[in-house]
Amino acid sequence: MKIISILGSPHGLKGNTAGLLRHVLAGAESEGAQTDVIILKGDTVLPCRGCDICHKKGRCVQNDDFESLKEQIAGADGLVLASPNYIFNVSAQLKAFMDRCCGVVHCMQFWGNYGASVVTSGGGGDEPIVDYMNHFLITTGIIPVGGVSAAMSEMPEGGFTNQVQEKARTLGRRLVEAISGSEVPSDINQLRNNFRERMKLLTSYRKEEWPYEYQYWKEHMGWNG
Ligand SMILES: Cc1cc2nc3c(=O)[nH]c(=O)nc-3n(C[C@H](O)[C@H](O)[C@H](O)COP(=O)(O)O)c2cc1C
C-alpha cells in the first residue's frame, strides 16, 4: 500500500507542517503502508496559466513535475495534503498544485484513492483550511478520512503535545484502515456523487471544446453519454 504526501511548505522537511505530517505517516507506516513525501518548492509545480490545454489534451504544457506527480498519485492508494496556514488559507505552493489539478477535478481522476489533510499555523483558525483541503480531495474523486492541525503557539518548544501527536497517528492509521476496507462514509459518498453528476454534465456540455475530458469519462467513468 502506497501513500503519497504533498507538502506545500517552503521550510520543507525542517518545518512545523512536516513535523506534524511525520506523525500521520508514522501511524500509517505502523499499519504497513509505504510512504513518500513530495515537497513543493517554488518551481516544482508552477501556477496554472488558464490555457485550457489540459482539458483538451489531458496534459499540461508546462515543463515541471506536475504530470509525473499526477501519475504517482493516481498509481498510489492514498494522498495526504500538508500545508502551513498562510493568511487563512493553504500556501501558494499547494494552491498552485490544486489549480493545476483542474483537469483532474473535471475527470475526478483520483477516483478510488483515500486521503487526509494536515495544517499548522502560528495562532490557529486552521479548521476551515483542513475542510477546504478535504473538499478539494473529494472533487478529485478521493475519499478524505479526516484531518489534523496544530497552532504552534499552543505547542511545547520544538514539538507537539501528546494529544496532537496521538490525533495525527490515529489519522494515519485510519487512512490505512479505510484503504484496506474500501470504506466510504455515506455523507462523503453523497457529496462525491453529486459532484460527479456535475462534472459529467460539464464535460458533456463542453465535449467539442474539451475532447480529452469527454473521452476520459466514456473510457474510465463507466459513462456512455
Ligand atoms: C506568509 C505567511 C503567512 C502566514 N499566515 C498565518 C496566518 O494567517 N495565521 C496563522 O496563525 N499563522 C500564519 N503563519 C504562520 C505559519 O502558518 C506557521 O508558522 C506554520 O507552522 C509554518 O509551517 P512550516 O514551518 O511548515 O512552513 C504565516 C506564515 C507565513 C510565512
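Order of listing sets the numbers, starting from 1, for every ligand and every atom in it. Keep in mind the model is a prediction, meaning the values are calculated, not measured. Side chains are part of it too, since the values below use all heavy atoms of this structure and drop only hydrogens, waters and symmetry mates. For reference, positions follow the sequence shown, starting with 1.
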Are T17 and L21 close enough that some pair of their side-chain heavy atoms sits under 4.5 Å apart? no
Contact check, side chains of L202 and W210, non-hydrogen atoms, under 4.5 Å: yes
Considering only heavy atoms of [X], which atoms of ligand 1 have at least one such atom less than 4.0 Å away?
X: S9; value: 24 (P), 26 (O), 27 (O)
X: M152; value: 21 (O)
X: T17; value: 23 (O), 24 (P), 26 (O)
X: G124; value: 11 (O)
X: I87; value: 3 (C), 4 (C), 5 (N), 6 (C), 7 (C), 8 (O)
X: F88; value: 8 (O)
X: G122; value: 10 (C), 11 (O), 12 (N), 15 (C), 16 (C), 17 (O), 18 (C)

What's the separation between atom NZ in K41 and atom CG in D64, rounded to the nearest 0.5 Å? 13.5 Å
Between atom SG of C54 and atom CZ of R100, what is the distance when rounded to the nearest 0.5 Å?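 That separation rounds to 8.5 Å.
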Do other residues, nucleotides or ligands put more than 12 heavy atoms under 6.0 Å from the CG atom of N63? no
Tell me whether G123 has any N or O atom under 3.5 angstrom from an N or O of ligand 1.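 The answer is yes, given that G123 and ligand 1 share an N or O pair closer than 3.5 Å.
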Geometry only, no angles: is G15 polar-contacting ligand 1 at N/O separations under 3.5 Å? no
Looking only at atom types and distance, does a side-chain atom of E31 sit under 3.5 Å from a main-chain N or O of R174, one as donor and one as acceptor?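 Absent.
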Is it the case that N193 and E197 place a side-chain donor and acceptor less than 3.5 Å from each other? no
Of the protein's non-hydrogen atoms, which lies at the shortest distance from [atom], and what is that distance?
atom: atom 22 (C) of ligand 1; answer: P84 CB, 3.6 Å
atom: atom 4 (C) of ligand 1; answer: N85 O, 3.4 Å
atom: atom 2 (C) of ligand 1; answer: Y86 CD1, 3.4 Å
atom: atom 21 (O) of ligand 1; answer: T120 OG1, 2.7 Å

Out of N89, N16, L7, whose heavy atom is nearest to atom 25 (O) of ligand 1? N16
Minimum heavy-atom separation for F160 to M155, with atom names?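 So the two residues come closest at CA-SD, 3.7 Å.
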Run the salt bridge (Lys or Arg N to Asp or Glu O under 4.0 Å) check on E166 and R173 step by step: do they pass? CA-CA 10 Å; E166 190 43 41; R173 288 195 294 269; 2.8 Å; yes
